[in-house]
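Here's the structure, in structure tokens; my notes come after.
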Amino acid sequence: MFKAILIEKDEAGYRASVQNLDDAQLPEVPIGGVTVKVSHSTLNYKDGLALTGKSPVVRKFPMVPGIDLVGTVEASAHADYKVGDAVVLNGWGVGETHWGGLAQKARLHGDWLVPLPSAFTPAQAMAVGTAGYTAMLCVLALERHGVKPSDGEILVTGAAGGVGSVAITLLAKLGYTVVAVTGRAQEAEYLKTLGATEVLDRAAFSNPGKPLAKERWAGAVDSVGSHTLANICASLKYRGVVAACGLAGGFDLPTTVMPFILRGVTLAGVDSVMCPRPDRLLAWQRLGQDLDLTKLGLITHQITLAEAIPTAQALLDGQVRGRVVVDVNT
Ligand code: NDP
């Protein structure tokens, strides 16, 4: 038996609860299956949506949510993994269409796993989680498009959230000048501790703006979308780049072609879920190299499996700062 959060949807409604499940209930993986004894999971924005049912993230019921997990291999039919190996999982539809990480045990396809990077403890790997690995993918996107620290300021939106907090930490360590955008003025000191040089009110970005505004940002990491992303596009410098990964403010994008055709700006989309394995391995390797672990500690707090259910609502309400690690064995 193992403990897990189970999401059920039936005539009685949509609900999440901690339950004791039998190993025989774990999903079948006909080829290359790996059973993982999970030590930690996390709460990402998407887990918040799944646990509350606010958006149709979960595609099959009953579902164990949790798009991230870390643990040790208990049984393996995959050539790359043997019993006792420490592994990490991010995405691949786990927690949406396949039972996920908010559980003491998971059965997964071995191709989805990456070895736990030596730079991190299991809990630290989940402090990074999908949010942190996505922040790294965003930084890599800026680099790939040639944005250098000497080019000017980098804007980070949703700054006090998971993606935002890790993005600021990474960019500051890499020598970029980072400007943070937040709706929580009380988090200004926290954001400066992570490395932001200036903190702006998100109200200045969240309303409709002009197709073109004064050029300011050499690059941006946006986890908000909607008018915020449109306003970023309008105020990027000539040939600036925005790495767009989120929709915390809305999934629409009310922009014009003007920034693209007159200033040659780049809108670089970032997806972590189906991101190919070489890019994942690169992102984790760079996280091991470029993420300040002391700051990762400041970003993170730990909760129990049962606490994940109420914390999910708090996360969607914008009340959670940084990253949440779930110790699934407490
Ligand atoms: P968090 O909830 O930790 O952070 C989101 C932050 O966005 C909040 O902390 C808040 O920051 C800001 N925010 C919330 N609501 C609004 C709003 N209505 N308008 C403007 N800003 C708002 O989530 P994550 O960091 O885990 O994820 C951020 C986004 O990135 C989500 O949309 C998520 O779905 C997406 N994402 C996408 C991935 C991908 O593969 N493309 C992977 C991971 C995440 P503040 O209080 O500082 O303003």
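Ligands are counted one by one from 1 in listed order, and the atoms in each one are counted from 1 as well.
Atoms of ligand 1 lying under 4.0 Å from at least one heavy atom of G158, given by number and element, are 6 (C), 7 (O), 11 (O), 12 (C), 47 (O). Interface of T130 with ligand 1, defined as ligand atoms under 4.0 Å from a residue heavy atom, comprises 42 (C), 43 (C). Against a heavy-atom cut-off of under 4.0 Å, G249 is close to the following atoms of ligand 1: 17 (C), 18 (N), 19 (N). The distance from ligand 1 to the heavy atoms of S272 drops below 4.0 Å at these ligand atoms: 39 (C), 40 (O), 42 (C). The ligand atoms of ligand 1 that sit less than 4.0 angstrom from a heavy atom of V224 are 20 (C), 21 (N). Per-residue contacts place S223 under 4.0 angstrom from the following atoms of ligand 1 (heavy atoms of the residue considered): 28 (C), 29 (C), 30 (O), 32 (O). Here is the list of ligand 1 atoms found below 4.0 Å of a heavy atom in G162: 1 (P), 3 (O), 4 (O), 25 (O). For ligand 1, the atoms lying closer than 4.0 Å to a non-hydrogen atom of A159 are 47 (O).
Within the 4.5 Å cutoff, the side chain of M126 has no heavy atoms near those of the S39 side chain.
Only the side chain of T134 comes within 4.0 Å of ligand 1, counting heavy atoms alone; its backbone N, CA, C and O stay farther away. Contacts between V270 and ligand 1, counted as non-hydrogen atom pairs separated by less than 4.0 Å, involve the backbone only.
Ion pairing between a basic and an acidic side chain is recognised when a charged N comes within 4.0 Å of a carboxylate O; D10 and R15 show such pairing. Residues R277 and D111 are not paired through a salt bridge, judged by the lack of any N-O separation under 4.0 Å between the basic side chain and the carboxylate.
Distances between N or O atoms of A131 and those of ligand 1 include no value under 3.5 Å.
Protein heavy atom closest to atom 32 (O) of ligand 1, with residue, atom name and distance, is L247 N, 2.9 Å. The protein atom (non-hydrogen) at minimum distance from atom 18 (N) of ligand 1 is A248 O, 3.5 Å. Looking only at protein heavy atoms, the nearest one to atom 30 (O) of ligand 1 is G246 CA, 3.4 Å. For atom 33 (C) of ligand 1, the closest non-hydrogen atom of the protein is Y45 CB, 3.7 Å.
Between the choices V181, V199, L137, V163, the shortest heavy-atom distance to atom 44 (C) of ligand 1 belongs to V163. Proximity annotation for atom 45 (P) of ligand 1: of D271, T182, V166, T182 comes nearest, heavy atoms only.
Of all the heavy atoms in R323 and T130, the pair that sits closest is NH2-N, 4.3 Å.
Checked against the 6.0 Å centroid criterion, the rings of H109 and W92 do not qualify as a close aromatic pair.
For the pair K46 and ligand 1, no heavy-atom separation below 4.0 Å is found.
Under a cut-off of 6.0 angstrom, the local environment of CD1 in I261 is crowded, with over 12 non-hydrogen atoms contributed by other residues, nucleotides or ligands.
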Please lay out, stage by stage, how N20 and F2 fare under the test side-chain contact (heavy atoms from CB on, under 4.5 Å).
-> CA-CA 6 Å; N20 285 309; F2 65 97; over 6 Å; no

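The backbone N or O of L26 sits nowhere less than 3.5 Å from a side-chain atom of K105 that would complete a donor-acceptor pair.
The aromatic rings of W284 and Y133 sit parallel to each other, their planes meeting at less than 30°, with 60° as the upper class boundary.
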